[in-house]
Amino acid sequence: MINITLPDKSVREFESGVTGYEIARNISEGLARNVLSITVNGEVWDIDRPIREDARIKLNTWEDRDGKATMWHSSAHLMAAAIEELYPGTKFGIGPDVENGFYYDIDLGEESISSKDFPKIEEKMLEIARRKERFVRSEVPKSEALDFYSEKGDEYKVDLINDLEDGTISFYKSGNFTDLCRGPHLVDTSPIKAVKLLNTAGAYWRGDESRKQLTRVYGITFPKQKMLKEYLEMLEEAKKRDHRKIGKELELFAFSNKVGQGLPLWLPKGAELRENLEKFLKRVQRQAGYKPVITPHIGNKNLYVTSGHYEKYGEDSFQPISTPSEGEEFFLKPMNCPHHCEIFKTKQYSYKDLPVRLAEFGTVYRYEQSGELHGLTRVRGFTQDDAHIFCRPDQVKEEFIAVIDIVLLIFKALDFTDYSVQISLRDPDSMEKYIGTEENWEKAEQAIIEATEEKGLTAEIVTGEAAFYGPKLDFMVKDALGRKWQLGTIQVDYNLPERFELEYIGSDNQKHRPVMIHRAPFGSMERFVAVMIEHYAGNFPLWLAPDQAIILPISEKYENYAKKVLHLLNNYEIRTLIDERNEKTGKKIRDAETRKIPYMLIVGEKEESDGTVSVRKHGQGDLGTHSIESFVKIIEDEVNKFIKQ
RNA sequence: GCCGAUGUAGCUCAGUUGGUCAGAGCAGCUGAUUUGUAAUCAGCUGGCCGGGGGUUCGAAUCCCUCCAUCGGCUCCA
């Protein structure tokens with residue numbers, strides 16, 4: 001007998017060799033019907049695989065991440081089986097489950113698949129699923145596995161097997177499709193009731209740009225048709241939040257081919273929104289001891305040779321512009337730090353003067369690959385809410401923590417609760433990518449990890465993601481469609497102070513090298529605003545909204561009164577406009593609602609004679625009649641709630 | 001940059017197998033209406049069908065090419 005510990009810590013005894021399915025049945029018939037996989041001592045297994053020793057287990061159903069993963073992984077096999085039937089000779093790469101569904105990378109040779117082919121593949125998948133094909137696990141020696149795929153002519157699988165350790169290799173067979181696979185899988189294909197292929201994409205074999213590009217087919221499956229329907233509806237809803245769509249609808253920003261791709265044009269309302277954010281951060285930074293600086297948009301090539309950026313990016317960035325007579329070369333600035341280093345150098349500092357914190361909303365230009373550009377989230381010209389902190393080595397952690405506090409303050413003010421934190425360190429396998437001494441890297445990485453721990457942040461540590469000059473701490477959020485973007489970033493840098501020979505005079509009257517911290521709590525204004533648009537779906541909080549109130553006169557007879565109200569509100573710095581069109585009130589309200597303007601002020605005969613406004617709140621409706629003073633109070637209270645929290 | 005898809009008025013989209021196929025709604029303009037909490041009515045103006053080249057008697061429609069956008073991959077100081 002063996003002891004099986006369930007997630008609630010209760011222990012049940014079973015015969016050795018019991019399977020997940022049997023345990024589920026022992027608990028309830030319902031669970032047995034729904035169980036998709038079992039986690040045994042932290043490892044996910046097939047539910048028909050015998051358990052022979054004491055174990056902690058968890059039964060995974062559709063409600064569990066691991067249950068979905070099992071289903072989707074099996075669905076990848078199912079899709080591969082369907083594709084193999086429909087397109088004989090297809091070679092298969094890898095086919096994992098992903099956050100929302102699964103994909104399979106395939107090589108169709110001369111054939112190609114596009115979304116037009118999806119229905120027939122989906123149909124074939126459902127047909128196979130209904131056959132209730134069992135996923136049969138088998139283990140064979142490595143040599144036999146190699147033979148199998150060499151014979152089949154699938155070089156991708158051969159490549160994969162060659163990378164595996166010697167010994168036995170597991171296969172899963174379902175119907176006619178056999179796949180190299182670690183598992184786990186469903187018992188059979190029958191739980192897969194609804195199938196939807198989502199899109200195709202090119203994907204380099206093993207993620208390597210120099211290798212062949214395969215066709216990646218993305219799909220998702222569900223145990224119930226209704227769930228698929230809900231998922232597709234959810235996707236539709238998410239698309240409505242897309243900042244590119246809302247940005248157009250609310251006239252926030254635009255792009256023009258004439259200006260150039262990836263170069264955003266901030267329209268008046270978008271600029272208003274952005275300025276409100278900038279004002280907010282400027283106030284926070286002033287309180288935190290930052291000094292504003294302003295630097296030009298271009299910098300001499302020598303600046304970047306000194307900083308090391310030229311060596312790293314010179315060829316892969318916008319090429320230099322040069323002066324007509326002297327032929328001196330200048331780069332559009334791709335970052336602000338070198339300029340700020342030169343500002344630091346204009347003056348001699350005592351250790352008592354540090355930290356020096358130089359802040360600038362600095363616009364930078366980077367050559368991003370054309371296929372990478374994406375609305376406001378990935379552009380070629382953008383403004384960083386940049387600052388560089390020059391401090392003594394003993395101040396690094398304290399300063400780092402103070403920056404984390406600013407980021408968290410911003411996230412709180414904007415109601416961003418769904419973010420993740422990532423610490424990016426060097427890739428120990430390719431140290432040649434980085435500049436700076438081993439000792440400095442070591443110190444910097446340590447400082448970040450300690451500061452993060454001290455703030456109690458749960459951070460994911462990712463090696464190989466560091467900038468070439470130093471490790472970093474990034475704050476990431478997801479957009480409406482689940483894509484992950486980096487917003488705030490904090491980076492420790494021992495390298496630039498070295499290269500720019502920055503110094504301060506210590507208490508020992510000797511010259512010392514300061515440490516630099518790069519930080520941008522928003523990251524870039526463009527990307528931050530993009531994410532914010534999606535976060536609020538365009539319904540911005542009052543303090544940020546480009547227009548805060550719109551006056552809707554019932555008819556042109558009340559236009560004079562409307563103008564009077566407008567002037568009063570403008571005096572209180574409430575961003576107000578009037579809808580003077582010759583339209584019915586219902587129409588004006590509808591349009592104001594569509595424009596997501598927070599407050600509508602309806603004025604007619606009654607309001608004019610009483611000196612009041614009839615207040616309607618966006619998304620809520622009629623708030624009744626208020627005096628101007630009372631309305632101003634409503635606005636001020638709502639704004640202050642954010643600013644003074 | 002790579003793979004695939006898309007590109008028709010300011011916006012959202014129709015346009016069957018190449019032949020009155022250059023359309024609709026919204027927006028805009030004109031006029032009527034003087035309007036009370038999510039669309040008043042009527043008329044009118046908008047397009048070199050992404051750019052360029054080709055096939056054809058004839059191209060929004062077929063082919064080539066460039067550009068841009070979208071979905072991924074790769075990249076991201």
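Below, read A as the first sequence line, B as the second, and so on, with proteins coming before strands; counting in each chain starts at 1.
Residue-level contact check: A:A203 touches the backbone only, with heavy atoms under 4.0 Å from sugar-phosphate atoms and none from bases. Nucleic acid contact for A:K557: sugar-phosphate only, since backbone atoms but no base atoms lie under 4.0 Å from a heavy atom of the residue. Contact annotation for A:E249: no contact, since no heavy-atom pair falls under 4.0 Å across all strands. At a threshold of 4.0 angstrom between heavy atoms, the contacts of A:Y218 are confined to the sugar-phosphate backbone, with no base atom among them. Residue contacts for A:E583: at a heavy-atom cut-off of 4.0 Å it reaches a base atom on one of the strands shown. Nucleic acid contact for A:E607: base, since at least one base atom lies under 4.0 Å from a heavy atom of the residue. Among the atoms of the strands shown, only primed sugar atoms or phosphate atoms (P, OP1, OP2) are found under 4.0 Å from some heavy atom of A:G207. Contacts of A:D622 with the nucleic acid, taken as non-hydrogen atoms under 4.0 Å apart, include base atoms. Note on A:S370: a base of the nucleic acid sits closer than 4.0 angstrom, heavy atoms only. Residue contacts for A:H374: at a heavy-atom cut-off of 4.0 Å it reaches the sugar-phosphate backbone alone, with no base atom in range.
Within 6.0 Å of atom NZ in A:K443, more than 12 heavy atoms from other residues, nucleotides or ligands are found, so the atom counts as buried in its surroundings. Heavy atoms from other residues, nucleotides or ligands lying under 6.0 Å from CD of A:E233 number more than 12.
If you take atom P in B:G58 and the same atom in B:G15, they sit 27 Å apart, rounded to whole Å. Taking atom P on both B:G1 and B:G18, the two are 34 Å apart, rounded to the nearest angstrom. Taking atom C1' on both B:A9 and B:U45, the two are 11 Å apart, rounded to the nearest angstrom. Comparing the C1' positions of B:A24 and B:G46 gives an interatomic distance of 14 Å, to the nearest angstrom. Spacing of C1' atoms, B:G52 relative to B:U40, comes out at 48 Å, to the nearest Å. Separation of the P atoms belonging to B:C41 and B:A22 is 30 Å when rounded to the nearest angstrom. Between B:C64 and B:G71, the two C1' atoms lie 25 Å apart (nearest whole Å). Remark: the separation of the P atoms in B:G23 and B:C48 is 14 Å, to the nearest Å.
In this entry the distance linking OH of A:Y103 with C1' of B:G71 reads 15 Å, nearest Å. Rounded to whole Å, atom C1' of B:A77 lies 4 Å from atom CE of A:M335. In this structure, A:Q369 atom CD and B:G1 atom P are separated by 8 Å, rounded to whole Å. Atom CG in A:L250 sits about 13 Å away from atom C1' in B:C11, given to the nearest Å. Atom CG of A:N257 and atom C1' of B:G51 are 11 Å apart (whole Å). One atom, CZ of A:R380, and another, P of B:U69, lie 9 Å apart when rounded to the nearest Å. Separating the CD1 atom of A:I602 from the C1' atom of B:A38 is a distance of 11 Å, rounded to the nearest angstrom. Here B:G4 presents its C1' atom at 12 Å from OH of A:Y204, a figure rounded to the nearest Å.
Regarding contacts with the backbone of B:C76, every side-chain N or O of A:R378 stays at 4.0 angstrom or more from both OP1 and OP2. Side-chain N/O atoms of A:K472 include one lying less than 4.0 angstrom from OP1 or OP2 on B:A77. Look at A:Q261 and you'll find a side-chain N or O under 4.0 angstrom from OP1 or OP2 of B:A68. At B:C70, none of the side-chain N or O atoms of A:R483 fall inside 4.0 Å of OP1 or OP2 (strictly under the cut-off). The side chain of A:K587 contributes an N or O atom lying less than 4.0 Å from OP1 or OP2 of B:A27. OP1 or OP2 of B:U12 has at least one side-chain nitrogen or oxygen of A:K248 nearer than 4.0 Å.
Applying the 3.5 Å distance criterion, the base of B:C3 shares no donor-acceptor pair with the side chain of A:R216. Not a single donor-acceptor pair, N or O on each side, falls under 3.5 Å between the base of B:G1 and the side chain of A:Y367. The base of B:C2 lies close enough to the side chain of A:Q213 for a donor and an acceptor atom to sit less than 3.5 Å apart.
A salt bridge links A:K333 to A:E360: at least one charged side-chain nitrogen sits closer than 4.0 Å to a carboxylate oxygen.
In this structure, a donor-acceptor pair under 3.5 Å is absent between the side chains of A:D479 and A:H243.
Glycosidic conformation, B:G23: anti, with the torsion outside 90° of 0.
The aromatic ring of A:Y313 is stacked on the base of B:A77, with the two ring centres less than 5.5 Å apart and the planes inclined by under 30°.
Residue A:E368 has its side chain nearest to B:C76 when only B:U37, B:C76, B:A77 are considered. Of all nucleotides listed (B:A38, B:A77, B:U37), B:A77 comes nearest to the side chain of A:P334. Which of B:A77, B:G36, B:G71 sits closest to the side chain of A:A201 comes down to B:G71. Distances were taken from every side-chain heavy atom of A:S555 (C-beta onward) to each of B:C73, B:A5, B:U34; the shortest belongs to B:U34. Here the nucleotide nearest the side chain of A:T585, chosen from B:A38, B:C76, B:G36, is B:G36.
Looking only at distances, no side-chain donor or acceptor of A:D316 sits under 3.5 Å from a matching main-chain atom of A:Y313. A donor-acceptor pair under 3.5 Å links the side-chain atoms of A:R380 to the main chain of A:E368, judged by distance alone. Side-chain atoms of A:D154 come within 3.5 Å of backbone N or O of A:F92 as a donor-acceptor pair.
Using the Watson-Crick or G-U wobble rule with both distances under 3.5 Å, B:U55 pairs with nothing in any strand shown. In this structure, B:U6 and B:A68 make a Watson-Crick or G-U wobble pair, each of the two defining distances being under 3.5 angstrom. In this structure, B:G25 and B:C11 make a Watson-Crick or G-U wobble pair, each of the two defining distances being under 3.5 angstrom. With a cut-off of 3.5 Å on both Watson-Crick or G-U wobble distances, the partner of B:U40 is given as B:A32. Pair check for B:G46 finds none; no Watson-Crick or G-U wobble contact set falls under 3.5 Å.
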Could you walk me through whether A:K472 and A:E445 satisfy the salt bridge (charged side-chain N to carboxylate O under 4.0 Å, His left out) test, starting with their C-alpha distance in whole Å, then the side-chain angles of each, then the deciding distance to 0.1 Å, before giving a yes or no?
CA-CA 8 Å; A:K472 53 181 184 167; A:E445 294 188 342; over 6 Å; no
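Residue-to-nucleotide proximity on RNA chain B shows that, of A:G604 and A:I113, the 5′-proximal contact is made by A:I113. Heavy-atom nearest nucleotides on RNA chain B were determined for A:D242 and for A:Y469, and the one closer to the 5' end corresponds to A:D242.
A cation-pi arrangement, defined by a distance under 6.0 Å to the six-membered ring centre and an angle within 45 degrees of its axis, is absent between A:R426 and A:Y434.
Nearest heavy-atom pair across A:G299 and A:L303 is CA-CD2, 4.3 Å.
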